[in-house]
Novice: 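Handing you a structure now.
First the proteins, then the strands, lettered A, B, ... as listed; each starts at 1.
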Amino acid sequence: MSDIEDRVRKIVVEHLNVEADKVTEKASFMDDLGADSLDQVELVMAFEEEFGVEIPDDAAESIQTFGDAVAFLTKATA
Amino acid sequence: MTLRRVVVTGLGIVSPLGVGHETVWSNILASKSGAQRVTDFEVDDLACQIACRIPLGDTADGKFNPDDWMDIKEQRKVDPFILFGMAAATQALRDSGYEPKTLEQQERAGVLIGSGIGGIGGIYEASLTLRDKGPRRISPFFIPGRLINLVSGYVSIEHGLKGPNHSVVTACSTGAHAIGDAARLIALDDADVMVAGGAESPVNRLSLAGFAACRALSTGFNDTPEKASRPYDKDRDGFVMGEGAGIVVLEEYEHAKARGAHIYGEVIGYGLSGDAHHITAPAEDGNGGFRSMSAAVKRAGITPAEIDYINAHGTSTPLGDEIELGAVTRLLGDAANNMVMSSTKSAVGHLLGAAGAIEAIFSLLAIRDNVAPPTINLDNPSIQTAINLAPHKPVQKEINIALSNSFGFGGTNASLIFSRVG
C-alpha cells in the first residue's frame with residue numbers, strides 16, 4: 001500500500017466518518033461512503049491541502065472513487 | 001377566528017448547569033453557579049475573562065457528550081449552537097413522547113428555533129482562513145453551518161418535522177419570541193406541534209471582546225467568577241455570558257390531551273414591544289418592558305395581581321436591572337407586596353438568544369414544583385423594593401401563573417405568561 005493511499009484513506013475516514021476497510025479502490029464517495037455533493041467538495045479541498053496541489057473543478061468532478069483520488073494525486077505529485 | 005389553546009409537553013436544556021431539565025433545575029434550586037474562568041483560549045488581554053460553560057462528560061451524569069446528540073461527521077460541519085440546539089430539541093421531543101409517524105402528522109409539526117448571534121465563532125475562524133490561505137480553503141459547510149435558521153433545519157431533518165420551519169433573531173429576546181411566535185402558529189392552526197426555543201454558542205474571543213466593548217459584561221470578578229452574575233446587587237457590573245440551548249415542545253391542547261401527554265403548563269399570554277430608544281441601553285422609564293408585560297397580561301385575560309412568579313430578564317447590568325424592576329413595580333401596583341421575582345441568570349449566566357427559552361422552562365418548572373428559583377449573589381440590593389427577589393435561596397410558594405421577561409439589544413422586548421393546567 002502506497003504512502004499516497006494511506007494519506008488519502010485517512011482523509012476519507014476522517015471526513016466521512018467511515019471504517020477504513022470500507023474505503024476500497026472502487027468505493028464511490030457518494031454511492032458507497034455516504035458523501036453528499038458538499039462532502040465531495042470538502043474532500044477535494046482536503047486533498048489539495050494535504051498534497052499541496054490545486055485540483056481544478058473539471059478534474060474534481062472526475063474524482064468519484066477512492067481509486068480515482070489516489071490515481072489523480074499520484075500523477076499530480078509525481 | 002378562534003385561537004386554539006397551546007400547552008407545553010416537552011422540555012430540553014443544554015446549559016452551564018448541566019444537560020436535561022431535571023439536572024439543571026436541581027442545580028438551580030441548590031443555588032449553584034455555572035461561571036468559571038475561560039481556559040480553552042487566550043483571555044489575559046480581555047476585560048472579561050469568565051463565562052458560564054457547559055460541563056462536558058457523560059450524558060448519564062447530566063453532562064454534555066456531543067456524540068450522543070449528533071453524528072460525528074455532522075458535528076464537524078456546524079458551529080456549537082447548532083449542536084446544542086439539536087441536543088435540546090431531541091431531549092424535548094423525547095420528553096414529550098411525541099414522534100410524528102404519518103405524513104399528515106409530519107406536516108402538522110414544525111420547528112421555530114432562533115439564536116442571537118449564531119455562528120460568530122465559525123465566521124471568525126473562516127475569516128482567518130480566507131486571509132491566510134485564500135478563498136479556495138473555505139469549506140462548503142462554512143455557510144450552512146453558521147446560519148441561524150439551520151438549527152431549525154437540522155432539527156426538522158433529524159425528526160422528520162415538515163410543518164412550518166422558521167427562526168427568530170432578536171438578540172436576547174430570541175428564545176422568548178421563538179416560543180411566543182411558535183405558540184401563535186399553533187393557535188392560528190398552522191401546526192399542531194412546534195419545537196421552539198433558542199440556542200447560542202457565544203463564548204469565544206471575538207464575542208467577549210465585542211460585548212465588553214459595549215460595556216455589557218462583568219469585568220470586576222475575573223478572580224471570583226461564581227460571584228460575577230449578581231442581579232439587583234449593588235456591586236453588579238455587567239452580565240456573564242453563557243452557552244447552551246433551551247427548547248420546548250408546544251402542542252395544541254386537545255392534541256396533547258388526546259394522546260395523554262404530560263402537560264407542564266399552558267402558554268396563556270405573549271406580549272411584544274419595541275423601545276424605539278437606543279441600540280443597547282433600555283429606555284430609562286422601562287416603558288418597553290412595561291408594555292410587553294401589559295400586552296401579555298391582556299392577552300392572558302388576567303390581572304397583574306394574578307401572577308405568582310416573575311422570571312426576570314435581570315442580566316446583572318448596572319442600568320437594566322433597576323429599570324426592569326421599576327417597570328414590574330408599575331405593572332403590579334399594590335400586588336408588588338406579594339410578588340416573588342428572581343433572575344436565574346445569576347446562576348446559569350446570560351445565554352443571549354437561548355436565555356428566554358431556558359427561562360421559560362424554569363418558569364414552567366416553578367409552576368410544577370411551586371417554588372421560585374433563587375437570585376444568587378444578591379447580598380445587598382441596590383434599591384429598596386416590596387418585591388421578594390428571592391436572594392440566595394429558593395422561595396416555596398403556590399405558583400399557578402408565571403411571567404418571563406426577555407429584553408434585547410435594539411430595544412426588543414418579549415413577555416411570556418404560563419399557567420398551570422388542570
Novice: Non-hydrogen atoms of chain B under 4.5 Å away: do they reach the side chain of Glu14(A), the backbone, both or neither?
Specialist: backbone
Novice: With Val14(B), which of Ile358(B), Ile54(B), Val24(B) fulfils side chain to side chain contact (heavy atoms under 4.5 Å, CB included)?
Specialist: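 Of all the options given, the one that passes is Ile54(B).
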Novice: If we check side chain to side chain contact (heavy atoms under 4.5 Å, CB included) with Phe47(A), which of these qualifies: Ile11(A), Val53(A), Val70(A)?
Specialist: Ile11(A)
Novice: Of the backbone (N, CA, C, O) and the side chain (C-beta and beyond), which part of Arg137(B) lies under 4.5 Å from a heavy atom of chain A, both, or neither?
Specialist: both
Novice: Do you know which of Asp39(A), Leu16(A), Val41(A) has the most heavy-atom pairs under 4.5 Å to chain B?
Specialist: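 Most heavy-atom pairs within the cutoff with chain B belong to Asp39(A).
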Novice: Under 4.5 Å heavy-atom distance to chain B, tell me which part of Leu43(A) shows up: side chain, backbone, both or neither.
Specialist: neither
Novice: For Glu42(B), does the CD atom sit with more than 12 other heavy atoms under 6.0 Å from it, leaving out its own atoms?
Specialist: yes
Novice: Verify the neighbour count for atom CD of Glu25(A): are there more than 12 heavy atoms of other residues, nucleotides or ligands below 6.0 Å?
Specialist: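 Count not over threshold, so no.
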